[in-house]
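Side chains included, hydrogens not; waters and symmetry mates left out as well; all remaining heavy atoms used.
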Amino acid sequence: MLEQLKEEVYQANMLLPKYNLVTFTWGNVSGIDREKGLFVIKPSGVEYEKLTPEDMVVVDLQGNKVEGKYQPSSDTPTHVVLYNRFPKLGGIVHTHSSWATSWAQAGRDIPCYGTTHADYIYGEIPCVRNLTKDEIEEAYEKNTGILIADAFESMKKDYMAVPAVLCKHHGVFTWGKDAHEAVHNAVVAEEVAKMAARCEMLNPQVKPAPQELQDKHYYRKHGANAYYGQK
């Protein structure tokens with residue numbers, strides 16, 4: 001079942017250690033088949049070097065395991081909520097990559113200080129609040145997804161223009177049109193987190209890049225008249 005998607009999600013998961021986004025098993029990637037209403041996700045706690053495409057787990061949009069010899073990632077309920085609430089998503093990544101997670105632990109949004117950030121993400125990467133004690137005890141992973149989706153709605157953020165979020169004291173989630181793009185955005189989030197932290201070290205009074213510069217770089221790649229790259 002979904003053999004091609006399993007291969008794609010497996011390959012996307014293997015990019016996490018390649019790009020130094022995970023330590024041990026601290027991360028996961030999923031990808032969805034919207035027509036079938038099923039997604040594929042990394043199994044829980046299995047070391048990356050031991051993974052195979054056949055180990056990927058198939059889950060439905062109610063969070064039920066449909067196929068797989070392992071249990072799916074413990075973050076599966078978060079992915080379920082995000083796929084249901086953000087219908088344009090084709091892939092989701094969760095990591096505890098060190099620079100982005102440092103901003104999450106500090107409880108800070110990552111400001112857009114330069115064009116590298118603006119090329120991929122429109123405005124700051126938001127850091128959402130802590131879950132309450134009741135939310136943690138009731139359904140921690142599910143409520144993490146609800147918190148992210150509710151926050152984007154309340155902030156009126158376009159989730160495809162801002163394909164990354166920090167969860168306070170936790171880590172980072174990114175997404176995209178497929179699993180590979182979600183990983184690409186995880187790499188971008190980690191790099192801009194690193195650059196932003198160094199930027200503040202060098203100049204504690206630094207301000208975000210001018211809005212007109214941010215707009216130019218974002219829309220030349222993503223706008224209706226985008227011209228970056230090849231046709």
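- The shortest distance between side-chain heavy atoms of D55 and K69 falls below 4.5 Å.
- In this structure a side-chain-to-backbone donor-acceptor pair under 3.5 Å is present from E3 to M1.
- N143 places no side-chain N or O within donor-acceptor distance of the main-chain N or O of I146, the cut-off being under 3.5 Å.
- In this structure, Y159 has its ring center closer than 6.0 angstrom to the ring center of F86.
- With a 4.5 Å cut-off on side-chain heavy atoms, Q11 and L15 do not count as touching.
- The same ILVMFWY cluster, assembled from side-chain heavy atoms under 4.5 Å apart, contains both L166 and Y140.
- A distance-only check finds no donor-acceptor pair linking the side chain of R108 to the backbone of S102 [under 3.5 Å].
- Between W175 and F152, the gap from one ring centroid to the other is short of 6.0 Å.
- Taking 4.5 Å as the limit, every side-chain heavy atom of L147 sits out of range of all side-chain heavy atoms of T144.
- No more than 12 heavy-atom neighbours from other residues, nucleotides or ligands sit within 6.0 angstrom of NE2 on H180.
- A donor-acceptor contact shorter than 3.5 Å is absent between the side chain of H94 and the backbone of V29.
- Both cation-pi conditions hold for K42 and Y48: the charged atom is under 6.0 angstrom from the six-membered ring centre and inside a 45 degree cone around its axis.
- In this structure, Y10 and E54 have side chains that are not in contact, with every pair of non-hydrogen atoms separated by 4.5 Å or more.
- Considering only heavy atoms from C-beta on, N130 stays 4.5 Å or farther from E135 through its side chain.
- Between the side chains of N28 and S73, at least one donor N or O sits under 3.5 Å from an acceptor N or O.
- Put simply, the side chain of E190 does not reach to within 4.5 Å of the side chain of V187, judged on heavy atoms.
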